[in-house]
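Proteins get letters first, then strands, A, B, ... in listed order; numbering begins at 1 in each. Note that the structure is a prediction, hence the values are computed from the model and not measured.
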Amino acid sequence: MNVTFHSPVPKAALDNKSNMRGSKKKFTAEHEMDIDDDEHHHENKLEGGIIKDPTIHVVTPAEVITSDAAFMRGHGTYVEDEKVLSSLAGVVERVNKLISVRPLHTRYAGEIGDVVVGRITEVAQKRWKVDVNARQDAILMLSSVNLPGGVQRRKQESDELQMRNFFMEGDLVVAEVQAFFGDGAYSIHTRSLKYGKLRNGSFISVSPALVQRCKSHFHSLSCGVDVILGLNGYIWVSAHVPQSLDEIDTEQVYSNKNKEDITPSDRESIARVVNCIRALAQDYIFINDSIISFAYEASLQYALKDLHKRHVMHDIATEAVAAVDSIKA
Amino acid sequence: MPSLISPAERDYILKGIECNIRADGRQRSDFREITLETSVVSQTSGSARVRIAGGSDVLISVKAEIGPVQVDPETGDGADKGQIICSIECAPSASQQFEGRGADDLNNELTQMMSRFLCSNNTAISSLSPTCSGSGGIDLSKLCIIPGQQCWILFVDALVLDYGGNLMDAIFMGVRAAIYDTKIPKTEVQDLGDGQFEFEVLDDEEDIDFVHGREDMPICITLNKIGTRHIVDATLLEELCTEAKLVVAVNRAGEICGLQKNHDGSIEPSLLLEMIQVGKTMGQALIKNLDAKIKEEAESDLTKRLQGDPARKLGFFAQ
């Protein structure tokens with residue numbers, strides 16, 4: 001028993017942007033058209049952390065972005081008295097004359113083909129509702145899942161009656177975004193042996209902005225741990241199960257049983273990886289398989305039970321970033 | 001935040017606890033790190049914010065107001081006592097399940113538990129330990145201004161800003177810190193004769209009282225029984241696997257000030273005794289660390305004030 005109490009520390013200064021490796025968005029530094037009014041000159045000072053980059057314009061809801069009528073309002077803004085105001089807390093982005101605000105915290109905005117991890121919240125008529133960290137629950141149609149045994153046929157009423165044998169409320173699934181509905185909800189599918197129910201591990205949720213789209217979202221780390229990086233920020237870390245698509249027991253796709261031989265050392269590795277991901281997320285560092293491996297290496301010098309400590313987590317994240325940098329150099 | 005859990009996750013957590021490796025690498029008796037700041041809300045008499053790393057976040061405020069004393073019509077008790085009124089509210093932004101009326105039941109349950117632990121004035125206990133006026137520890141008679149008429153009422157309000165398991169422990173740590181931080185203005189009572197009294201509240205910043213008996217306030221340790229074992233400081237997913245929950249309220253001296261069992265699972269007598277014992281020792285250790293932190297906060301505030309430097313609080317800009 002050892003409880004430690006801390007004083008709060010200032011939020012990591014946003015000038016830590018260098019940590020956001022591979023950021024696709026670059027803030028344009030050109031200033032041929034100044035959107036700031038003189039009277040609304042922003043200093044970009046935050047309590048605790050000072051943003052050094054003068055091109056970043058942080059706004060809060062109802063803050064005037066510009067009163068110049070030449071600009072068009074984009075996402076996250078509204079017009080009042082011919083002024084463009086922010087409706088969100090975030091950073092201003094401008095493309096020519098279009099002004100939009102990118103929120104600091106946001107829900108998952110998906111695209112077709114994204115791999116997502118979700119949790120079944122409801123079993124409905126011919127469909128499951130799945131929480132995927134988006135504005136609305138995603139929908140998994142009964143026609144978008146594989147039948148156990150891999151039989152190919154139309155779904156009948158008998159399948160509808162045993163939907164809970166496939167997925168129950170609370171079950172975690174990995175799926176792919178298939179289409180959008182008219183109201184913006186996602187339709188997802190599990191029609192591949194890669195997708196389906198998740199077992200043998202533990203769940204962790206990070207900000208969806210931290211998971212980047214890559215070639216693969218299924219990774220087997222060298223420490224004997226499998227990681228599924230859902231683009232919605234939900235991550236599944238599990239014990240390694242040998243994967244060759246021919247050998248998969250198709251009858252077992254919907255099983256709720258964990259495998260018997262998860263050893264304590266497997267559990268330790270899984271917990272280590274979970275804590276590494278949490279450490280990276282805490283420092284707002286993009287999460288991919290290589291940085292997780294580096295963080296894992298860095299974590300080995302600490303005892304497992306110390307990994308949830310704030311300074312240890314920070315050290316691990318810093319070391320992992322340094323390791324990635326040294327490879328790039 | 002999930003309110004559901006899959007059978008596979010439950011099995012994984014259960015077996016992990018069995019071999020003393022929890023899903024986040026902690027052992028059964030490990031707490032997460034706690035961040036604490038006092039005097040965060042300037043409008044209150046005392047306030048604190050407690051955050052458990054990666055989990056619950058609570059803001060506690062204590063407001064001292066003057067009001068009429070509440071006399072029990074049957075026993076005539078309470079004429080010379082102040083009051084403590086507790087309220088806990090879960091913000092809808094903390095979790096999806098708190099939206100609309102979703103948090104009502106939890107609010108009631110937590111408020112009732114807190115009132116029971118803090119306000120109960122059980123004479124049976126106070127006869128055992130003369131330093132403590134009741135299991136709540138706080139000396140209510142010191143809150144009385146004019147017996148039979150006016151007293152201080154302490155409104156203890158807790159706002160749950162984020163929900164990540166182990167709420168009750170976080171709230172009680174916060175309440176202890178906030179009560180420690182509470183400053184009540186001194187009053188001067190004048191006797192006008194004929195049993196008439198008048199009083200004046202001194203508004204000098206130096207003429208303040210602290211809450212008497214604040215050292216004897218209890219905190220609580222929640223023990224979650226999962227499988228055949230029990231753990232402290234459960235995460236959200238671990239709470240979903242919990243069969244039975246035992247909340248043990250302990251004071252500085254290691255005296256049990258309250259017990260409450262939640263959920264529908266059972267606890268074997270031998271395990272129950274063990275859990276109470278664990279709660280007791282852990283609670284005492286926790287109070288020790290917590291008090292050290294609270295004192296450190298108070299001292300740093302004081303030195304800053306003496307230097308004429310307004311105490312800057314990080315509040316919601318903190319990490």
Chemist: Quick one: do B/Thr35 and A/Arg310 satisfy side chain to side chain contact (heavy atoms under 4.5 Å, CB included)? Show the steps, please.
Modeler: CA-CA 10 Å; B/Thr35 312; A/Arg310 189 161 68 185; 3.8 Å; yes

Chemist: Between B/Gln27, B/Glu297, B/Lys288, B/Arg28, who has the most heavy-atom pairs with chain A when the cutoff is under 4.5 Å?
Modeler: B/Gln27

Chemist: With a 4.5 angstrom heavy-atom cut-off, could you sort out which part of A/Leu307 is near chain B: side chain, backbone, both or neither?
Modeler: neither

Chemist: Is there side-chain contact between B/Pro7 and A/Met168, with heavy atoms separated by less than 4.5 Å?
Modeler: yes

Chemist: Stepwise, does the side chain to side chain contact (heavy atoms under 4.5 Å, CB included) test hold for A/Arg278 with B/Asp24?
Modeler: CA-CA 10 Å; A/Arg278 202 169 277 146; B/Asp24 52 4; 3.5 Å; yes

Chemist: OG1 of A/Thr4 to NZ of B/Lys293: how many Å apart, nearest 0.5 Å?
Modeler: 10.5 Å

Chemist: Got a second to check how far B/Arg22's CZ is from A/Lys305's NZ, nearest 0.5 Å?
Modeler: 13.0 Å

Chemist: Under the ring pair (Phe, Tyr, Trp, His ring centres under 6.0 Å) rule, collect the residues that match up with B/Phe98, sequence neighbours excluded.
Modeler: B/Tyr163

Chemist: Using 0.5 Å steps for rounding, measure from the CZ atom of A/Arg272 to the CD1 atom of B/Ile21.
Modeler: 10.5 Å

Chemist: Got a sec, which residues hit salt bridge (charged side-chain N to carboxylate O under 4.0 Å, His left out) with B/Arg32, two or more places apart in sequence or on another chain?
Modeler: B/Asp233

Chemist: So for A/Asp306, is it side chain, backbone, both, or neither that comes closer than 4.5 Å to the heavy atoms of chain B?
Modeler: neither

Chemist: Got a donor-acceptor contact below 3.5 angstrom from the A/Arg119 side chain to the B/Leu4 backbone?
Modeler: yes

Chemist: Is the backbone of B/Ser6 close enough, under 3.5 Å, to the side chain of A/Asp171 for a donor and an acceptor to pair up by distance?
Modeler: no

Chemist: Is chain B contacted by the side chain of A/Asn275, its backbone, both, or neither, given a heavy-atom distance below 4.5 Å?
Modeler: side chain

Chemist: Just verifying a value: how many Å separate A/His6 NE2 and B/Leu36 CG, rounded to the nearest 0.5 Å?
Modeler: 11.5 Å

Chemist: Tell me, out of A/Leu304, A/Val274, A/Asn258, who's got the most heavy-atom pairs with chain B below 4.5 Å.
Modeler: A/Asn258

Chemist: Taking the side chain as every heavy atom from C-beta outward, state whether A/Arg199 and B/Tyr12 have any atom pair closer than 4.5 Å.
Modeler: no

Chemist: If every non-hydrogen atom of B/Leu286 is compared with every non-hydrogen atom of A/Phe5, which pair is closest and at what distance?
Modeler: O-CE1, 4.1 Å

Chemist: By a 4.5 Å heavy-atom criterion (distance strictly below it), what part of A/Ile204 contacts chain B: side chain, backbone, both, or neither?
Modeler: neither

Chemist: Atom NZ of residue position A/Lys259 - does it have more than 12 heavy atoms of other residues, nucleotides or ligands inside 6.0 Å?
Modeler: yes

Chemist: Mind ranking A/Lys197, A/Arg267, A/Glu268 by heavy-atom pairs under 4.5 Å with chain B and telling me who comes out on top?
Modeler: A/Arg267

Chemist: So for atom CZ, which belongs to B/Arg229, do other residues, nucleotides or ligands contribute more than 12 heavy atoms lying within a distance under 6.0 Å?
Modeler: yes

Chemist: For B/Glu99, what residues pass the salt bridge (charged side-chain N to carboxylate O under 4.0 Å, His left out) criterion, not counting sequence neighbours?
Modeler: none

Chemist: Flag the one option from B/Ala292, B/Cys19, B/Gly16, B/Ala53 with the top tally of heavy-atom pairs under 4.5 Å to chain A.
Modeler: B/Gly16

Chemist: Spell out the residues in residues 170-181 of chain B that have some non-hydrogen atom less than 4.5 Å away from a non-hydrogen atom of chain A, in order of number; otherwise answer 'none'.
Modeler: B/Met173

Chemist: Is there a donor-acceptor pair under 3.5 Å between the side chain of B/Glu9 and the backbone N or O of A/Phe203?
Modeler: no

